[in-house]
**Q** 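The following block contains the structure, expressed as structure tokens.
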2 protein chains.
Amino acid sequence: MAAGEDRTTRSTVRTITDLARLAGVSPGTVSRALAGKSLVNTRTREKIEALAREHGFRPNQMASGLRRQKTGVIGVVIPLGHDTRQQISDSFFMTLLGFLADELTTHGYDLMLRRVVPGDDADWLDRFIGSGMIDGVIVIGQSDQFERIEEVADGYRSMVVWGNHQEGQRHCVVGTDNRLGGRLAAERLIAGGARRIAFVGDTGPMEFAARFAGAQDVAVRMGLPEVLPLATHLSPDRASEEIAGHLARHGRQIDGIFAATDTLAALCLTQLRAQGLRVPDDVKLVGFDDLPIARQTIPPLTTVRQDIAAGARGLVDLLLRRLGGETTESLVLPPELVVRETA
Amino acid sequence: MAAGEDRTTRSTVRTITDLARLAGVSPGTVSRALAGKSLVNTRTREKIEALAREHGFRPNQMASGLRRQKTGVIGVVIPLGHDTRQQISDSFFMTLLGFLADELTTHGYDLMLRRVVPGDDADWLDRFIGSGMIDGVIVIGQSDQFERIEEVADGYRSMVVWGNHQEGQRHCVVGTDNRLGGRLAAERLIAGGARRIAFVGDTGPMEFAARFAGAQDVAVRMGLPEVLPLATHLSPDRASEEIAGHLARHGRQIDGIFAATDTLAALCLTQLRAQGLRVPDDVKLVGFDDLPIARQTIPPLTTVRQDIAAGARGLVDLLLRRLGGETTESLVLPPELVVRETA
DNA sequence: GGGAATCTTGCAATCGTTTGCAAATGATCC
DNA sequence: GGATCATTTGCAAACGATTGCAAGATTCCC
């Protein structure tokens with residue numbers, strides 16, 4: 001059986017030198033043959049390739065990486081805000097990660113994943129970059145680390161960040177136009193008849209702040225009362241109670257809710273129902289992200305869609321161009337209102 | 001500013017040799033000092049550490065890995081069945097991945113993520129292992145690759161797999177007792193009065209097959225008709241139609257549904273409602289996993305809970321012990337019935 | 001057949017860190 | 001002060017693959 005053979009012989013031919021001995025050539029030639037360079041004779045190349053296949057030989061990536069000064073690995077780092085457990089169940093980041101993995105694989109790169117709690121060490125990003133293990137890094141979410149990222153960007157080119165774009169920033173970012181998304185949401189609520197709008201979610205993180213600001217833009221422009229910020233944490237268990245509290249206090253005064261994420265919107269739906277408020281009749285509701293859950297709530301969520309797959313493609317594309325020496329602009333993706341039944 | 005200083009000098013002190021020159025010692029001494037070995041004089045060690053900090057020096061992991069023959073990286077690979085897009089939105093795997101990342105980080109390991117489509121290359125696992133980039137590998141989900149994994153396990157010790165345990169298998173696996181979970185689900189359905197039970201989901205993958213078998217066990221033991229398998233894909237869009245079709249055909253003949261995952265259960269809920277069937281009055285429904293979504297459906301799902309965090313801990317713990325040379329048994333985790341309102 | 005031009009190959013240095021061994025330094029004791 | 005012993009250090013050889021350079025082998029042309 002081929003597999004068995006594989007295993008017995010694998011121990012004997014682990015290095016390019018072993019293979020060279022078998023093929024009766026020098027290690028250099030083997031290296032060139034396997035790299036597919038044109039400098040080696042077709043016959044020898046074929047012989048070497050055959051031997052390599054037969055013995056299941058794979059060149060050691062560490063050694064290769066060391067010598068060539070590139071590893072074929074892209075680092076992906078998720079900084080977790082103060083709220084440590086924050087994104088663990090956040091399917092948005094996880095979905096993005098899935099697409100990133102696919103996209104990087106397609107381009108022949110491996111993905112090294114790291115989750116860090118910036119509060120614990122200020123050095124989180126430098127450490128990752130300086131490790132020598134990665135050719136470039138994708139930061140998923142600016143969290144509260146905007147300044148740190150800016151500083152790093154000044155001295156390190158091979159980085160792209162998922163997040164919000166701000167006028168004049170120095171790091172290359174890919175992300176949805178959150179402010180526009182906020183406007184779309186508020187416009188929809190108002191078009192449906194809402195006059196007194198609340199924003200459910202933490203306005204601390206930049207992305208959320210921009211969504212909130214967008215909604216505010218519209219309220220002001222229309223001469224409506226200001227949008228009421230109702231702060232929550234992101235983890236479902238805490239948010240659930242918090243939302244219940246907010247609604248108990250303000251539920252009867254508002255007729256429109258813009259939730260910072262679909263996850264929060266789903267919780268709002270549950271709590272609204274618990275408090276006897278009908279959606280969309282008494283209160284209209286718009287979410288953000290268009291995660292799978294948005295289709296599965298009852299009634300299904302009207303929400304602002306982020307194109308996650310396009311985001312992943314953008315991140316990888318820009319990073320690869322930066323690795324190639326290009327200077328790249330940031331990429332701002334347009335959000336899209338998806339109308340279902342809650343607004 | 002310290003950060004600025006960092007950046008200007010970084011270029012000048014990239015290697016351990018640079019640092020050695022600065023400190024006036026040999027590279028070997030620097031290496032030992034930074035490794036915290038007791039062989040170096042406290043004073044020199046402190047001096048070196050100070051210099052390293054000052055210049056933001058980090059030893060190159062590639063070189064270190066090459067020399068020490070270990071990388072500090074654990075590979076995590078997700079084999080995707082024929083249904084390529086299968087798990088992309090599957091929050092179960094993504095959640096497990098999140099916990100794995102935390103757990104590995106805690107133990108000082110980095111995580112290299114790879115998603116593969118085994119159909120495309122039979123070599124997927126060997127290639128990953130043979131790359132020399134990882135000290136060990138965690139395979140998430142056996143998919144349809146049970147045999148391939150068995151073969152690899154014969155020649156490679158540093159591997160642990162998430163999946164279903166089968167009598168006499170040779171690879172070390174961590175997973176929930178799916179069959180028992182199936183039994184719990186069926187027992188609950190029957191205790192609530194169900195007599196004619198359907199299983200929604202693909203019975204191809206081992207885990208699902210075991211869940212189905214568990215339900216069947218109970219049906220047979222109780223003298224009820226056999227459990228009716230209603231096959232679906234995993235991706236929500238396709239599954240949705242399929243479930244609608246199944247229900248149109250069999251909806252009136254069944255009074256209990258055991259869904260292979262919570263995601264599918266949520267879809268069932270929507271489709272049942274669309275067809276005018278009430279849950280739990282007309283049809284009882286039990287899911288599997290206890291993902292966050294299980295709490296957010298209306299009514300909330302009764303489901304069989306898998307302890308994902310414990311699973312991640314188990315995977316990492318066993319793998320680390322294997323790296324240390326121990327021989328480890330598989331770990332089968334007990335599922336737990338979580339009663340909410342659908343059954 | 002001789003010489004130039006073109007292909008192939010081997011040699012050896014290199015990537016940056018670790019580590020066995022031996023030399024150097026310092027401490028200790030009589 | 002000298003012999004003994006324990007600490008610290010430096011030296012140089014690894015780890016495994018890549019690559020500039022130069023030598024050896026072929027081919028080609030007149």
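Both backbone and side-chain heavy atoms feed into the values below; hydrogens, waters and symmetry mates do not. All chains are named by letter (A, B, ...) in the order of the sequence lines, taking the proteins before the strands, and each is independently numbered beginning at 1.
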**Q** In whole angstroms, how far is the P atom of D:dT18 from the CE atom of A:Met62?
**A**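 From A:Met62 CE to D:dT18 P: 14 Å.
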**Q** Taking OP1 and OP2 of D:dT18, is either one under 4.0 Å from a side-chain nitrogen or oxygen of A:Ser64?
**A**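 Affirmative; the distance criterion is met.
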**Q** Touch check for B:Ser31, heavy atoms < 4.0 angstrom, all strands: base, sugar-phosphate only, or nothing?
**A**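 Result for B:Ser31 = base.
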**Q** Rounded to whole Å, how long is the line connecting atom CZ of B:Arg58 with atom C1' of C:dT18?
**A**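 Going from B:Arg58 (CZ) to C:dT18 (C1'), I get 20 Å.
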**Q** Does the pair B:Asp317/B:Arg322 count as a salt bridge with the N-to-O cut at 4.0 Å?
**A**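 The answer is no: the pair does not qualify as a salt bridge.
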**Q** Determine, for B:Arg148 against B:Glu151, whether the closest basic-nitrogen to carboxylate-oxygen distance falls under 4.0 angstrom.
**A**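 Answer for the salt bridge query: yes.
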**Q** Output side-chain donor-acceptor pairs under 3.5 Å for residues 69-78 of chain A, partner residues at least two apart or in another chain, one line each.
**A**
unit_1: A:Thr71; atom_1: OG1; unit_2: A:Val73; atom_2: N; d: 3.1
unit_1: A:Thr71; atom_1: OG1; unit_2: A:Met133; atom_2: O; d: 3.0
unit_1: A:Thr71; atom_1: OG1; unit_2: A:Asp135; atom_2: OD1; d: 3.2

**Q** Tell me, for nucleotides 7-15 of chain C in 5' to 3' order, what letter each nucleotide earns: B for a base near a protein heavy atom under 4.0 Å, S for only sugar-phosphate near one, - for neither?
**A** -SBBB-BBB
**Q** Taking atom P of D:dC15 as reference, at what distance in whole Å does atom CG of B:Asp135 sit?
**A**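 My rounded result for the distance is 18 Å.
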**Q** Check A:Asp102 with A:Arg313, please: is the shortest side-chain N to carboxylate O separation under 4.0 Å?
**A**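 The answer is no: the pair does not qualify as a salt bridge.
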**Q** Within this structure, what is the CZ-to-C1' distance between B:Arg21 and C:dG16, rounded to whole angstrom?
**A**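 My rounded result for the distance is 13 Å.
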**Q** Given atom CD of B:Gln61 and atom C1' of C:dT18, what is their separation to the nearest angstrom?
**A**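 Spelled out: CD on B:Gln61 to C1' on C:dT18 is 13 Å.
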**Q** In this structure, how many angstroms lie between the C1' atom of D:dT19 and the CD1 atom of A:Ile16, rounded?
**A**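 It works out to 12 Å between those atoms.
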**Q** Can you name the nearest heavy-atom pair linking A:Ala33 to A:Val40, along with the distance?
**A**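 The answer is N-CG1, 3.8 Å.
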